[in-house]
Every structure is written in structure tokens, then in C-alpha cells.
> 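One structure, as C-alpha cells, below. Some questions next.
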Amino acid sequence: MISSKKIYIVNLLMAILPNSGCQKLKARLYRWAGVTVGSGVEFFQGIKVQGIGELEIHDRAFIGHEVLFMLNEGSKIVIEESAIVGSRSVVMTGFHPITPDGERILSREGTCSTVRIGKGCSVSTACIVLPGVTVGEMALVAAGATVAKDVAPRTLVGGCPAKLIRTL
């Protein structure tokens, strides 16, 4: 589980470390904060991890510039090996249900789930991956897409909400 105090420090450091350098240092910092990081992972500048769930980043994954991982307590994000999460993408694991009755977000009741970005897939620039979604192995998510449902392996999806464009 991620330590909220340690990840706060790591988020600050990630904003000032060089874009494509210091990869081993970046991996050590994330491990220190409680993130599981495989070998050969590439981190760009400005990545933020918010929350105290679990984050697993497997071997040779690539995390682009200013990616935001939002983790609710009890939730998990898994980035499998050789997967790409493009710059300025958002991956989130929970939300606050909105109903006609009762308090809204102030109630602090929320959901948590697991998000899985499959082996060798690519989530392009400025995508939003919503809670509970699995992006299948070798799938491609077009730039700017909002992924609200599972993406089948070896498919290309795009749009808001993301829809099948073609099978690869």
C-alpha cells in the first residue's frame, strides 16, 4: 500500500527531475513510497499518484509526462509489462455515487475497483481510464478517449465514450 506522506514527497520530486533521465532514481523513489515497480520502467516528468491504494507497474512499462493515477483506498491499478500510458492521461479507481437523495461528495462514501492496463497495450495521450476497466493485451486506445468499459485484446478504440474502431 502506498504511504500518503512518502508519495507526497515523490510527487514533488517527480515535478523537478528531468523528463527522460534518472530512471533508476525514479523507480527507487516510487518503491520507497510503496509502489511496485518492475525493471526497465520509464517515467517521464510530472507524474502524480494521488491516494493510498495499490499501484503496480510491471517491467518495461512507459509512463508519460504528467500522468495522474487516482487511487481510492482498497483499490488497485496494474500496468502490465511493456504497456504505455501516454502523457496527460488519467487513470482512476473510484468515484462518489451521486443520487437524488442525501449528501453528495461531502458524505465521503465512494467506490473502489481495480484498473488493469494489459501487456503491450497503449493508452495514448490525454485519455481517461475510468474505474473497473481492463484494457486488453496489445490494445490501442486513441488519443483523448474516455474508456468507460473493458477494451478487448488487440483492438483499437477511440472517442468519448471509447468505442471499437477496428480489430488489430
> Is there a side-chain contact between Phe69 and Thr93, using heavy atoms and a 4.5 Å cut-off?
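Phe69 does not reach Thr93 side chain to side chain.
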> Going from CD on Gln50 to CE on Met92, what distance comes out if it is rounded to the nearest 0.5 angstrom?
11.0 Å
> With a 6.0 Å cut-off (strictly less than), is the heavy-atom count around CZ of Arg60, excluding the residue itself, greater than 12?
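Enclosed: over 12 neighbouring heavy atoms sit under 6.0 Å from CZ of Arg60.
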> Does Lys119 come within less than 4.0 Å of Glu137, counting only side-chain N to carboxylate O?
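No, Lys119 and Glu137 are not salt-bridged.
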> Would you say the side-chain atoms of Asn72 pair up with the backbone N or O of Gly53, donor to acceptor, closer than 3.5 Å?
no
> Please walk me through it: do Leu29 and Leu17 pass side-chain contact (heavy atoms from CB on, under 4.5 Å)?
CA-CA 11 Å; Leu29 287 168; Leu17 288 171; 4.0 Å; yes
> With hydrophobic residues grouped by side-chain heavy-atom distances under 4.5 Å, do Ile16 and Ile47 end up in a single group?
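Yes.
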> Do Tyr30 and Val41 have side chains that get closer than 4.5 Å, going by heavy atoms?
no
> Short question: side chain of Gln23, backbone of Phe43 - any donor-acceptor pair under 3.5 Å?
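A pair under 3.5 Å: yes.
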> Can you find a heavy atom in the side chain of Arg116 that is under 4.5 Å from one in the side chain of Glu80?
yes
> Check for me, please, whether Val129 and Met70 land in the same ILVMFWY cluster - side-chain distances under 4.5 Å, paths through other members count.
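Hydrophobic grouping puts Val129 apart from Met70.
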> Rounded to the nearest 0.5 Å, what's the gap from CD on Glu81 to NE2 on His58? Could you check?
8.0 Å
> Just verifying a value: how many Å separate Ser122 OG and Leu140 CG, rounded to the nearest 0.5 Å?
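Taking OG in Ser122 and CG in Leu140, the distance rounds to 5.5 Å.
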> Examine distances only and state if a side-chain atom of Asn19 and a backbone atom of Phe44 form a donor-acceptor pair shorter than 3.5 Å.
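Not confirmed, Asn19 side chain does not pair with Phe44 backbone.
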> Could you tell me whether the side chain of Arg28 reaches within less than 4.5 Å of the side chain of Val37, counting heavy atoms only?
no
> Could you give the distance from NZ (Lys163) to NZ (Lys149), rounded to the nearest 0.5 Å?
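It comes to 8.5 Å.
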> For Pro131 and Val115, work out which heavy atoms get closest and say how close.
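Looking at all heavy atoms of both residues, the closest pair is CA-CG2, 4.1 Å.
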> Please answer whether the main-chain N or O of His65 pairs with a side-chain N or O of Ser87 as donor and acceptor at a distance below 3.5 Å.
yes
> Decide yes or no for Leu71 and Ile52: does some side-chain heavy atom of the first lie under 4.5 Å from some side-chain heavy atom of the second?
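Leu71 does not reach Ile52 side chain to side chain.
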> For Ser89 and Ser124, work out which heavy atoms get closest and say how close.
OG-O, 2.9 Å
> Show the nearest heavy-atom pair for residues Ser39 and Asp59, with the distance to one decimal.
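Minimum heavy-atom separation between Ser39 and Asp59: N-OD1, 2.8 Å.
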> In Å, rounded to the nearest 0.5 Å, how long is the span from CG of Leu68 to NZ of Lys48?
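These two atoms lie 8.0 Å from each other.
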> Looking at Ala83 and Ile117, what are the two nearest heavy atoms and their distance?
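Nearest pair, atom of Ala83 first, then Ile117: CB-CG2, 4.0 Å.
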> Keeping Arg31 on the side-chain end and Gly38 on the backbone end, is there a donor-acceptor pair under 3.5 Å?
yes
> How many angstroms lie between CG in Leu164 and CG in Leu156, if you round to the nearest 0.5 Å?
8.0 Å
> Which atom pair, heavy atoms only, marks the closest approach of Ala139 to Ala152?
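Ala139 and Ala152 have their closest heavy atoms at CB-O, 3.7 Å.
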> Are any non-hydrogen side-chain atoms of Val85 and Ile79 less than 4.5 angstrom apart?
yes
> Are Leu55 and Leu13 connected, step by step, through hydrophobic side chains (Ile, Leu, Val, Met, Phe, Trp, Tyr) whose heavy atoms are closer than 4.5 Å?
yes
> Can you get from Val35 to Leu25 by hopping between Ile, Leu, Val, Met, Phe, Trp and Tyr side chains that sit under 4.5 Å apart?
yes
> Restricting to non-hydrogen atoms, name the atom on Thr155 and the atom on Val151 that form the minimum distance, rounded to 0.1 Å.
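It is OG1-CG1, 3.4 Å.
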> Side-chain heavy atoms under 4.5 angstrom apart, residues restricted to Ile, Leu, Val, Met, Phe, Trp, Tyr: same cluster for Ile165 and Val133?
no
